Amino acid sequence: MKYEPQKLETKWQAFWQREGLFEVAEDPQREKYYLLEMFPYPSGRIHMGHVRNYTIGDVVARYKRMLGKNVLHPMGWDAFGMPAENAAIENSTHPAKWTYDNIEAMKEQLKKMGFSYDWDREIATCDPDYYKWEQLVFLKMYDKGLAYKKRAFVNWCEKCQSVLANEQVVNGCCWRHTDLEVSMKEMDSWFLKITDYADEILDYCDRLPGWPDSVLKMQKNWIGKSYGAIIRFPLVGSDKVVEVFTTRQDTLFGATFMCLAPEHPMVKEIVKGLPQEKEVHQFIENTLKMDSFMRTADFTSKEGVFTGRYCLNPVTNEKIPIYAANFVLFDYGTGAIMAVPTHDQRDFEFAKKYGLPLRVVISPPDHEIDEETMTEAYIEEGILINSHPFNGQRNLEALDSIAEYLESEGIGQKTVNYRLRDWGISRQRYWGAPIPIIYCDRCGTVPVPENDLPVELPLDLDLRPNGASPLPFEPSFFETVCPECKGKARRETDTMDTFVESSWYFDRYACPEYALGPLDKDRVNYWMPVDQYIGGIEHAILHLLYSRFYTRVMNDLGYLNIREPFLNLLTQGMVCKETQQCPTHGYLYPYQVREGRCSLCQAEVITGSTVKMSKSKRNVVDPQDLIDQYGADTVRMFCLFASPPEKSLEWSDQGVEGSFRFLNRVWRLILDCLDDLKKVSSYDGKIELADPLKSLHRKTHQTIKKVTNDIEDRFHFNTAISAVMELVNETNQFINSNGKKDDTAWSVIREAVEATVILLSPVVPHITEELWQVLGYKDSLLKVEWPHYREESLHEEERLVVIQVNGKVRSKIVVPSSLNEKEIEILALEDERIKQVIGDKAVAKVIVVQKKLANIVVKN
RNA sequence: GCCUGGGUGGCGGAAUAGGUAGACGCAAGGGACUUAAAAUCCCUCGGAGCUUAGCUCUGUACGAGUUCGAUUCUCGUCCCAGGCACCA
């Protein structure tokens, strides 16, 4: 019988579905295990990134199931978002139709991969039954002040025709349109108050041992907590003060001027009626015209303009000039800084450019610096000078006492500041969840009453050809009545950032059909938190940070009992492949290359670097083609075997071929000697074995141990598979070795073969189900318990001991493993080769590592 | 610039608590089977050298150090990838 993957995969997929083997229910008697992979955007076809991500997850899910755990392994669709709108315009379909068609197609593909999802729990976030609850949570957040609207400078992407959150701006560009710079636009936007939770989210970073350090570091950096002080500088000729935030109150005595962000409302206020007014206004206008990327780029020089006004340095009482400066950020701290040119490089450059005074207040321990001659700011530690009464103290040690001094004098106080800003969720998009708010001329901003939810997205609209949202142009949507005064009112036409949907979908999987609220508490509390979350590193900040925030909000609103959603996180690496370019036709798809030549013009193809698979580089492999050619098992196996999950995976067609060959080898191993195998049952340990049977039996148990450890502790499926390959090789060798084989021999072979099948089953579930049946078992492998190794079977009577002289291997001996260190030392010294090497040199000492090595240290 | 990772054969990668560097696989070369091909099986496979059943030297980006012993630990340098980046 030949290995025909497609036939047998269809058979087993149908079987699993018919038997409902992946459907789970809450069972308080059993230990739960929630395994989650990041749900996909339904783009229409799965790609290799999905295949890798979901294969890793599926192995763990199947493994945990075999350990007897009650495993929740759901799948759904991150179904709102821009591409649906773009596709709708291009193909003149509706985003909803496009999305649901794609979901159907991708679901089909995922099923072909043999993933063990409980499809009864499927979620699509564009379903009103889903976003209804999101709208409800939004209203609850609005009640508590966690959702609020403000006029703000926001990131605007021209291509998206929409606002972006700070997290969605990458190198000054939109995260989806990396070729287009984001500009700043002042508009009304809704925000979620993630900053209220900044401290807690930061603290808990140290309580997530199951997360990669790199991700936690990124989140910590993103939150950017810093300790400092707010200091009030009285404005000369007014009773007003200008507040600044600084982490360097130790340099306050050296503050010789002040800079305000151009957007700072005080700038326009203080220049009113002064000769500088026109110039300042011009400066503000010019600066704001620049988009955020240009404004903050390396090559943009520090510029500013004198406002004509002064404030008083509150500790020196000196009059210091106030500038408006382009490098001061409006939305960090207070939007104003005290400038200390002697100890801050930016301030130094600015001061030199505009001829502003310098005063050194920190003196280096080993030399003196002079305001006249210094060429850069001194930013190291030192001793405070010109800072009565703090002179002579070490600057860092004085930070606290200076802050206390400011507090006691009433001119400032200690404070903590964050880099993290509130999450802007307004999107001027159509294909998203409507924000449930109504604007009434009389009653102002009025939340939609809970009974009126969901605010459904109308499906009977035509999209506007320029890509803008049709909602603000659609009276049937935005015209409504005020819930309070019943007068004419207008709906909010912005929709929510799609990251809101993905911030709680994992909760909803616990109770996807629940109709009485967002979450069924009992079920959610049984399943949550997610025990193992698996997904791409690209979501290290965006999705994972939002989800940690949203979970806390849901907890505070009483919807669930936990504060952290994901116990363990595995971030899998990218799938890469080399690029191929034709001199005339540019990047080529793999199928366009034949024997190193371009199939269009026969020119020699240049093989480029290996980079992440992407359509733009055309270095993609369609999983569907591979499934058709080799079957899902081979694809799954290669994804796992080629590299450990957290590293990037380099695609190799020959590697795939190798995986396919291996599965064929396993297939033949069993089918070629099926008659012999069927005569016996698996070796039960009752009969004492002698070599070579004993060593095959030992190898089987060593393999069980290794595979179990590799999956359990490290998710290192590549080494787990290697171990099984070794077992298969050894079994094959044993079968092919001469000598008659009795029933005992066959029972030991059968033990090895059964172990092979079971250990491989999470990786290649179809072929192993088939082989299990071929071996004569009636029940599905899914119901088989994960094997245990027997400690006594691992025992080896003999050990190879390496003998080194001065750390270099000089001989190897096989000794009984019962020998103690002294006995090994004696044998090592008696070894003929060793005697030769040592000659007449004196042995200084001998180091023996039990059962492994002896190192003889000699002197000459 | 700062913060994370990471640099091991022709290639993907092993070496889990400092103990034989290169498991397993791919590619390559040689051989067997075959009329032939495919498939399969067997052998070789880091580099250099030698008096070649084997042996010696060398080798995990580079340079030092700790140690009986370092791919693994420490310090310095270089390179690559990712994140942050005028955050006061």
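Below, read A as the first sequence line, B as the second, and so on, with proteins coming before strands; counting in each chain starts at 1. Fair warning: this is a prediction, and the values are worked out from it, not measured in the lab.
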Revision key, fill the gap. The dot-bracket string of RNA chain B, counting Watson-Crick and G-U wobble pairs with both distances under 3.5 Å, using [ ] for crossing pairs and | for pairs to another strand, is (((((((..(((......[....))).(((((.......))))).(((((...)))))..(((((..]....))))))))))))....

Review point. Hey, does the side chain of A/R661 come within less than 4.0 Å of B/C26's phosphate (OP1/OP2), counting only N and O?
Key: yes

**Study point:** A/N855 side-chain proximity, nearest of B/G19, B/G13, B/A14
**Key:** B/G19

Check your understanding: Which of these nucleotides, B/U16, B/C68, B/C86, is closest to any side-chain atom of A/K302?
Key -> B/C86

Practice item. Could you tell me which residues satisfy salt bridge (charged side-chain N to carboxylate O under 4.0 Å, His left out) with A/K822, sequence neighbours excluded, listed by chain and number? Key: A/E825

Review point. A/D710 has a side chain; which of B/C68, B/U20, B/U16 sits nearest to it?
Key: B/U16

Exercise for review: Give the nucleotide from the list B/U4, B/G82, B/U20 with an atom nearest to the side chain of A/L800.
Suggested key: B/U20

Check your understanding: Which part of the nucleic acid, if any, lies within reach of A/K2 when heavy atoms closer than 4.0 Å are counted: base, sugar-phosphate only, or nothing?
Key -> nothing

Exercise for review: Taking only the side-chain heavy atoms of A/M725 (C-beta and beyond), determine which of B/G25, B/C26, B/A23 contains the nearest atom.
Suggested key: B/G25

Review point. Quick one: which of B/A88, B/A27, B/C24 gets closest to the side chain of A/Q654?
Key: B/A27

Point to revise | Nearest-angstrom distance, C1' atom, B/C26 to B/G82 | key: 28 Å

Study note, to complete from the structure: Here the distance between atom P of B/C3 and atom CG of A/N221, to the nearest Å, is 10 Å

Hey, what are the protein-to-nucleotides 56-59 of chain B N/O distances that come in under 3.5 Å?
| from | atom 1 | to | atom 2 | distance (Å) |
| --- | --- | --- | --- | --- |
| B/U56 | OP1 | A/R833 | NH2 | 3.3 |
| B/C57 | OP1 | A/R810 | NH2 | 3.3 |
| B/U58 | OP2 | A/K808 | NZ | 3.2 |

Review point. Within 45° of the ring axis of A/W667 and under 6.0 Å from its six-membered ring centre, is that where the NZ or CZ of A/R661 lies?
Key: no

Point to revise | Nearest-Å distance once atom P is located in both B/G25 and B/G46 | key: 15 Å

**Study point:** Centroid separation A/W651 to A/F638 less than 6.0 Å
**Key:** yes

